[in-house]
Colleague: 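Starting off with a structure, shown below.
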Amino acid sequence: MSAENLAGKWTRKCGRTLFDSITCVVFLFLDFLDAVLCVVFKLVDEFFEGNACTPCYCGKAGDKNGENKETEMLSESLYGRKYMLRNMGFLGFARKWRIYRKKKDDRDGSVNEGLMVNRWSDCGCQSCVSWMKKEYDQKLHVVVKNLPQVGRGDEAAENVIFLHGFLSSSSFWTEIIFNNLSESVKDHYRLFAVDLLGFGRSPKPNDCMYTLLDHVERIDKSVISPFHLNSFHLVAHSMGCLIALALAAKYPKLVKSVTLVAPPYLPCAKDGATTSLMALNTFAGKTLWPPLAFGKSVMSWYEHVGRCFCVLFCRNHRIWEMILKLFTLRRELNFMEVDLTRHTHHSAWHNMHNVICGAAKLMDKYLEILNKSRSVKVCIIHGDHDMEVPLDCSNNMKMKFPELVELNMIENVDHTSVILGRVREFAKSLQHIWASS
């Protein structure tokens, strides 16, 4: 090996070691900061909310109370996240404080069960709390392009349910795809765009753990049952793909096709806990670069640091929207800019862990159901430059279920531009999938 190559190799190794050392120090500080904020938020929550505080997940798996259907559906990543300071005394104080408060609540008989309140750290504007009104029936917000009857005798229109991704809303579909479908499609299909639980104008209750089954049940209650759907197509992006597969597995005889855009899929390990933790490290691993990945890792690993961000930005989203309008001189903001902060920390946290991470261990079971049905077509669309969801996710699904899955890899597009950068092409591909199903 030449001296030049040896020097280059040594430089890269030193640079990597330095980067890893800085990463370790940064996340060690975040471990400590999250423990401090755990105590701070408990004190502040008690001051503002009394005993109606929602518990956090700073304890270990053994701290869960009982084993019921609700706790079984919780993701192992909620309690299994490893902290470098997990067993040190200060972190233990936060756990002891929670145990002390629980014992005191039990003695006083003041535990608040199922009370639906708007947390002091969440936004209280009319749009964000409209679902709390007494007349509201807790169904999801659904945008319907309603065409109950079409020009083919008495035959009803075909139905399509659109499910958005993480930190998004139904606007992702209504503002982009609905207007780019051909007239023939508009005349033959009834379109439903759903605000998933916790996002957009749908409910964000604090007493819900936001498991995958909660999403499926709400969609059933808000779309399938009230509109008497006897068959439908599913179109989903990112996080919505997992919900779409769960919904399709529940109704394999009703679903005609499932279109998945960048599905966050991982082959299920023998141990479900391993799969959930692997999903957390795959989709939100601890890293300092790039900045977007660092932000995602902080929000996914550190519950209380992430809540600080939501207090600053999500709780005051109207102020930030006003500031953004002033700086950009625009009267209306892009829907993606608005959706980014119109949620609660509670909803974002549970959807990240209980849906994206927790559902990873269930996907193979759902795909097996669809594979055995032999009546459902699953089509995957994935950009080859996607930095959010690795290409291996789609490739692994195709390799494991070759007869069920049709994979369409799109060149030179990323996680967002696979749709936004080619809207007409994407709309045409949907029309082709629906027509051939």
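All values below come from the heavy atoms of this structure, side chains included, with hydrogens, waters and symmetry mates left out. Since this is a predicted model, take the numbers as computed values, not measurements. Counting from 1, the numbers follow the sequence of the chain as shown.
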Colleague: Taking only Lys NZ, Arg NE, NH1 and NH2, and the carboxylate oxygens of Asp or Glu, determine whether Arg307 and Asp45 approach each other closer than 4.0 Å.
Modeller: yes
Colleague: So, does Glu175 use its side chain to make a donor-acceptor pair with the main chain of Phe335 at under 3.5 Å?
Modeller: no
Colleague: Distance-only, no hydrogens or angles: does the Ser297 side chain make a donor-acceptor pair with backbone N or O of Phe294 under 3.5 Å?
Modeller: yes
Colleague: Side chain to side chain donor-acceptor pair (under 3.5 Å) with Arg330: which residues, sequence neighbours excluded?
Modeller: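 Only Thr328, Glu337 meet the side chain to side chain donor-acceptor pair (under 3.5 Å) criterion with Arg330.
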Colleague: Should the pair Tyr57 and Tyr79 be assigned to parallel (<30°), tilted (30 to 60°) or perpendicular (>60°) ring geometry?
Modeller: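 Aromatic pair Tyr57/Tyr79 classed perpendicular.
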Colleague: Side chain of Ser222, backbone of Arg218: donor and acceptor closer than 3.5 Å?
Modeller: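 Checked: pair present.
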Colleague: Can you list every ring-ring contact (aromatic ring centres under 6.0 Å, His included) pair that touches residues 373-407, not counting sequence neighbours?
Modeller: none
Colleague: Less than 4.5 Å apart, side chain to side chain, heavy atoms only: is that true for Phe199 and Asp339?
Modeller: no
Colleague: Does any non-hydrogen side-chain atom of Met363 lie less than 4.5 Å from one of Met397?
Modeller: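 Side-chain contact under 4.5 Å: no.
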Colleague: Does Asp364 pair with Lys400 as a salt bridge, N-O distance under 4.0 Å?
Modeller: yes
Colleague: Would you mind listing every ring-ring contact (aromatic ring centres under 6.0 Å, His included) that reaches into residues 413-432, with sequence neighbours excluded?
Modeller: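 Qualifying pairs, neighbours excluded: His237-His415.
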Colleague: Verify, without hydrogens or angle tests, whether Trp301 (side chain) and Ala284 (backbone) share a donor-acceptor contact under 3.5 angstrom.
Modeller: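 Yes: the side chain of Trp301 pairs with the backbone of Ala284.
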Colleague: Taking the side chain as everything from C-beta on, heavy atoms only, tell me whether Leu420 gets closer than 4.5 Å to Met336.
Modeller: yes
Colleague: Looking only at non-hydrogen atoms, find the nearest pair between Asp34 and Val305 and report the distance.
Modeller: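 Scanning both residues, the minimum pair turns out to be OD1-N, 3.0 Å.
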Colleague: Which value, rounded to the nearest 0.5 Å, describes the distance between Thr23 atom OG1 and Lys286 atom NZ?
Modeller: 11.0 Å
Colleague: Please check: side-chain N/O of Ser238 versus main-chain N/O of Gly165, any donor-acceptor pairing under 3.5 Å?
Modeller: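 Flag not set: sc Ser238 to bb Gly165 has no pair under 3.5 Å.
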Colleague: To the nearest 0.5 Å, what is the distance between CZ (Arg81) and OG (Ser276)?
Modeller: 12.5 Å
Colleague: As a quick check of understanding, evaluate side-chain contact (heavy atoms from CB on, under 4.5 Å) for Met387 and Leu292, giving each step before the final call.
Modeller: CA-CA 10 Å; Met387 301 298 291; Leu292 183 61; over 6 Å; no
Colleague: Is a side-chain N or O of Ser225 found less than 3.5 angstrom from the main chain of Lys221, in a donor-acceptor match?
Modeller: no
Colleague: Say you draw a straight line from CD1 of Ile419 to CG of Leu430; how long is it, rounded to the nearest 0.5 Å?
Modeller: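 The CG atom of Leu430 is 8.0 Å from CD1 of Ile419, to the nearest 0.5 Å.
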Colleague: Is there a donor-acceptor pair under 3.5 Å between the side chain of Asn371 and the backbone N or O of Leu367?
Modeller: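 No: the side chain of Asn371 does not pair with the backbone of Leu367.
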Colleague: List the atom of Val355, the atom of Ala359, and the distance in Å for their closest heavy-atom pair.
Modeller: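 In terms of heavy atoms, the two residues are closest at O-CB, 2.7 Å.
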Colleague: Please list, chain by chain and in numerical order, all residues satisfying side chain to side chain contact (heavy atoms under 4.5 Å, CB included) with Pro252, sequence neighbours excluded.
Modeller: Ile369, Leu370, Ser373
Colleague: With side chains defined as the heavy atoms from C-beta onward, is the minimum distance between Ile433 and His233 less than 4.5 Å?
Modeller: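 Result no, sub-4.5 Å side-chain heavy-atom pair not found.
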Colleague: Under a 3.5 Å threshold, yes or no: a donor from one side chain and an acceptor from the other, between Asn354 and Ser75?
Modeller: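 Looking only at side-chain atoms, Ser75 and Asn354 do not form any donor-acceptor pair under 3.5 Å.
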Colleague: Under 3.5 Å, side-chain donor or acceptor atoms of residues 308-317 against the rest of the protein: list the pairs with distances, not counting sequence neighbours.
Modeller:
{"residue": "Arg315", "atom": "NE", "partner": "Trp120", "partner atom": "O", "Å": "2.5"}
{"residue": "Arg315", "atom": "NH2", "partner": "Trp120", "partner atom": "O", "Å": "3.1"}
{"residue": "Asn316", "atom": "ND2", "partner": "Val311", "partner atom": "O", "Å": "3.1"}
{"residue": "Asn316", "atom": "ND2", "partner": "Leu312", "partner atom": "O", "Å": "3.1"}
{"residue": "His317", "atom": "ND1", "partner": "Glu321", "partner atom": "OE2", "Å": "3.2"}

Colleague: Can a side-chain donor-acceptor contact be found between His164 and Ser169 if the only test is distance below 3.5 angstrom?
Modeller: no
Colleague: Ser300: which residues meet the side chain to side chain donor-acceptor pair (under 3.5 Å) condition with it, sequence neighbours left out?
Modeller: none
Colleague: Could you go through the side-chain contact (heavy atoms from CB on, under 4.5 Å) check for Arg119 and Thr344 one step at a time?
Modeller: CA-CA 9 Å; Arg119 304 203 73 178; Thr344 64; over 6 Å; no
Colleague: Without hydrogens or angle criteria, can the side chains of Thr211 and Asp214 be said to hold a donor-acceptor pair below 3.5 Å?
Modeller: yes
Colleague: Hey, is the main chain of Ala360 close enough, under 3.5 Å, to the side chain of Thr275 for a donor-acceptor pair?
Modeller: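 No; judged by distance alone, with no hydrogens or angles, the pair does not exist.
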Colleague: Under 3.5 Å, is there a donor-acceptor pair between the side chain of Thr259 and the main chain of Cys379?
Modeller: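 No, the answer is negative, given that no donor and acceptor are paired below the 3.5 Å cut-off.
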Colleague: Rounded to the nearest 0.5 Å, what's the gap from NE2 on His343 to SG on Cys123? Could you check?
Modeller: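 Answer for the NE2-SG pair, His343 versus Cys123, is 11.5 Å.
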Colleague: Under 3.5 Å, side chain of Asp195 to main-chain N/O of Ser170, donor-acceptor pair present?
Modeller: yes
Colleague: Please name the pair of heavy atoms, one in His141 and one in Arg201, separated by the smallest distance, quoted to 0.1 Å.
Modeller: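 Between these two residues, the closest heavy atoms are NE2-NH1, 3.6 Å.
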Colleague: With rounding to the nearest 0.5 Å, note down the distance linking NZ in Lys428 to CG in Leu181.
Modeller: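 Going from NZ on Lys428 over to CG on Leu181, the span is 12.0 Å.
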Colleague: Test side-chain contact (heavy atoms from CB on, under 4.5 Å) on Trp320 and Thr341; report intermediate values, then the result.
Modeller: CA-CA 9 Å; Trp320 292 108; Thr341 55; 5.9 Å; no
Colleague: For Val255 and Leu234: C-alpha separation, side-chain torsions, deciding distance, then whether side-chain contact (heavy atoms from CB on, under 4.5 Å) applies.
Modeller: CA-CA 7 Å; Val255 178; Leu234 286 165; 4.3 Å; yes
Colleague: Do the side chains of Leu288 and Phe27 get nearer than 4.5 Å, heavy atoms only?
Modeller: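 Phe27 reaches Leu288 side chain to side chain.
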Colleague: Taking ring-ring contact (aromatic ring centres under 6.0 Å, His included) as the criterion, tell me which of Phe162, Phe178, Phe227 meets it with Phe192.
Modeller: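 Only one of Phe162, Phe178, Phe227 forms a ring-ring contact (aromatic ring centres under 6.0 Å, His included) with Phe192, namely Phe227.
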Colleague: So Val160 and Trp434, do their side chains get closer than 4.5 Å, heavy atoms only?
Modeller: yes
Colleague: Distance check, rounded to the nearest 0.5 Å: Arg318 atom CZ versus Cys125 atom SG?
Modeller: 4.5 Å
Colleague: Glu388 versus Lys296: any side-chain heavy-atom pair under 4.5 Å?
Modeller: yes
Colleague: Counting C-beta onward and ignoring hydrogens, is there a side-chain heavy-atom pair between His215 and Val194 closer than 4.5 Å?
Modeller: no
